[in-house]
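Down below is the structure, laid out as structure tokens.
Excluded from the calculations below are hydrogen atoms, water molecules and symmetry mates; all remaining heavy atoms, backbone and side chain alike, are included. Counting from 1, the numbers follow the sequence of the chain as shown.
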Amino acid sequence: MNMLRRHGMLATIVALSVIVRIIYFVQLQKSPCIWQHRWTQSDMFYFDQWGQAIAAGDWLSKTVSVPMHNWHVNIAMEHLNRNLAQLTPLHAKAAEDPDPDRVRAVARALWSEWLGKHVFYQDPLYSYLTGIIYAILNPDPGWVFLFQMLAGVTTTVLIFLIARFCFGPAVAGIAGLLAALYSPALYYELVLVRESLITMMSLLLAGLTLLILKYRQRHWWFLTGIVLGIAILLKSTFILLGLGLTAGLTVKQWRERQALMPSLSLLVIGLILALSPLVARNLLVGASPFSLASGGINTLIFHN
């Protein structure tokens with residue numbers, strides 16, 4: 001009876017999550033908010049264009065460069081006004097750029113020098129997921145939104161399961177209900193950005209860590225390594241979470257006098273397997289093997 005009650009509670013929360021998302025999607029179809037990816041000065045536009053390039057066959061992202069938002073151009077022009085000697089070689093490099101706006105082409109050539117040619121500006125996984133969806137279905141962000149809504153439902157399930165694992169069914173029911181009705185999550189699921197997937201991957205890593213702590217089976221370490229690698233490809237700041245989780249698990253193993261190296265080796269192997277497509281792509285295009293988001297430093301500086 002208790003098992004039926006728990007399954008019934010989870011089924012109710014899943015159904016509520018789905019219904020709320022259907023209502024939100026239908027409502028948003030009547031507003032301009034569903035077309036935010038058409039704003040050329042946004043990350044949504046950049047992800048859309050990158051996904052379309054991948055769907056068109058550029059699986060190594062050779063044609064994808066730094067997005068030339070207005071602030072990129074302004075910074076480049078400010079630099080060149082103070083370093084006029086760099087203009088001539090940059091004009092030569094910009095000659096191959098198909099962009100009809102020559103100022104933007106020169107700015108793009110300068111940013112490519114700063115960040116590295118063929119180095120990803122944003123972490124690649126989200127754009128590759130977008131490109132695969134575009135290639136299989138059609139280049140319509142609506143299909144990506146559907147995928148993100150499924151990720152949102154999965155996030156609700158993970159919150160329910162983690163809460164039940166840690167605190168019991170009553171807390172799980174309340175947490176699941178709050179998650180199903182959490183409006184900021186709904187908002188990001190229908191915007192062409194990766195926040196909904198970042199949330200899901202964070203909770204998945206938390207759940208896997210709990211399984212390691214409880215069951216102590218080494219295959220959970222291997223699976224955690226794979227998921228951590230995938231998460232890093234989605235957002236490179238997951239490296240920090242990975243370091244924290246690994247340190248905590250290492251201390252736990254050491255205190256309980258359990259063999260540490262076999263478990264850590266499996267985690268590292270899983271991590272390497274997940275990151276191997278990134279390394280292969282970077283080597284093929286001549287970029288640094290483990291380079292991820294070259295724009296990360298700029299974002300850190302500007303936002304702080």
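Residue Leu205 is grouped with residue Leu273 when hydrophobic side chains (ILVMFWY) are merged at heavy-atom distances under 4.5 angstrom, including chains of intermediate members. One hydrophobic cluster holds both Tyr215 and Leu245 under the rule that ILVMFWY side chains link at heavy-atom gaps under 4.5 Å.
Remark: side-chain polar atoms of Ser291 are paired, donor with acceptor, to backbone N or O of Ser288 under 3.5 angstrom. Of the possible polar contacts, none joining the Ser127 side chain to the Pro124 backbone as a donor-acceptor pair under 3.5 Å is found. A distance-only check finds no donor-acceptor pair linking the side chain of His91 to the backbone of Val106 [under 3.5 Å]. Thr199 contributes a side-chain N or O that, together with a main-chain N or O of Glu195, makes up a donor-acceptor pair within less than 3.5 Å. Arg21 places a side-chain N or O within donor-acceptor distance of the main-chain N or O of Ser17, the cut-off being under 3.5 Å. Looking at Asn83, its side chain never comes within 3.5 Å of a backbone N or O of Ala85 through a donor-acceptor pair. In this structure a side-chain-to-backbone donor-acceptor pair under 3.5 Å is present from Thr155 to Ala151. Listed for the Thr156 side chain is a donor-acceptor partner under 3.5 Å among the backbone atoms of Gly152. Side chain of Ser42 to backbone of Phe45: a donor-acceptor contact under 3.5 angstrom is found. Looking at Gln41, its side chain does come within 3.5 Å of a backbone N or O of Asn70 through a donor-acceptor pair.
For the pair Arg218 and Trp221, the cation does not sit on the ring face, since its NZ or CZ is not both under 6.0 Å from the ring centre and inside 45° of the axis. Cation-pi geometry between Arg281 and Phe120 is met: the NZ or CZ atom falls under 6.0 Å from the ring centre, inside 45° of the normal.
Contact record, Ile226 with Ala274: O-CB, 3.4 Å, taken as the closest heavy-atom pair. Contact between Leu208 and Val227 at its shortest, heavy atoms only, is CD1-CG2, 3.6 Å. Nearest heavy atoms, Tyr134 versus Asp48: OH-OD1, 2.6 Å. Minimum heavy-atom separation, Pro67 to His72: O-ND1, 3.0 Å. Summarising the geometry of Tyr126 relative to Val191, their closest heavy-atom pair is OH-O, 4.2 Å, with the distance given to 0.1 Å. Closest approach of Thr63 and Ala53 over heavy atoms only: OG1-CB, 4.1 Å.
With 3.5 Å as the limit, one finds no donor-acceptor pair spanning the side chains of Arg194 and Gln148. Asn74 and Glu78 form no side-chain donor-acceptor contact under 3.5 Å, judged by distance and modelled atom types alone.
Under a 4.5 Å side-chain heavy-atom criterion applied to ILVMFWY residues, the cluster that includes Phe290 comprises Val279, Leu283 as well. Grouping Ile, Leu, Val, Met, Phe, Trp and Tyr by side-chain contacts under 4.5 Å, direct or through others, puts Val171 with Phe167.
With rounding to the nearest 0.5 Å, the separation of CE in Met68 from CG in Asp97 is 9.5 Å. In this structure, the separation between CD on Gln52 and CG on Asp58 is 12.5 Å, given to the nearest 0.5 Å. For the atom pair Tyr128 OH and Ile54 CD1, the distance stands at 4.5 Å (nearest 0.5 Å). Taken from CD1 in Ile212 to NZ in Lys252, the straight-line distance is 12.5 Å, to the nearest 0.5 Å. Atom CG of Leu249 sits about 5.5 Å away from atom CG of Leu213, to the nearest 0.5 Å.
Contact annotation: the side chain of Ile132 approaches that of Trp59 to within less than 4.5 Å [non-hydrogen atoms, C-beta and beyond].
Crowding of Tyr24 atom OH: a count of heavy atoms from other residues, nucleotides or ligands under 6.0 Å exceeding 12. Annotation for Tyr182: atom OH does not count as buried by contact number, only 12 or fewer foreign heavy atoms lying within 6.0 Å.
Under 4.0 Å is where a charged nitrogen must lie from a carboxylate oxygen, and between Asp123 and Lys235 no such pair does.
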Query raised in the report: After noting the C-alpha distance and the side-chain angles of Gln217 and Trp220, does the key distance pass the side chain to side chain donor-acceptor pair (under 3.5 Å) rule?
Result: CA-CA 6 Å; Gln217 295 170 326; Trp220 292 119; 3.3 Å; yes
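The aromatic ring centres of His37 and Tyr46 sit 6.0 Å or more apart.
In this view, Asp140 satisfies the salt bridge (Lys or Arg N to Asp or Glu O under 4.0 Å) rule with no residue, not counting sequence neighbours.
Between Phe47 and Trp50, the two ring planes are parallel [angle under 30°; tilted spans 30° to 60°].
Applying side chain to side chain contact (heavy atoms under 4.5 Å, CB included) to Leu129 and the options Val144, Leu197, Leu233 leaves one that passes, Leu197.
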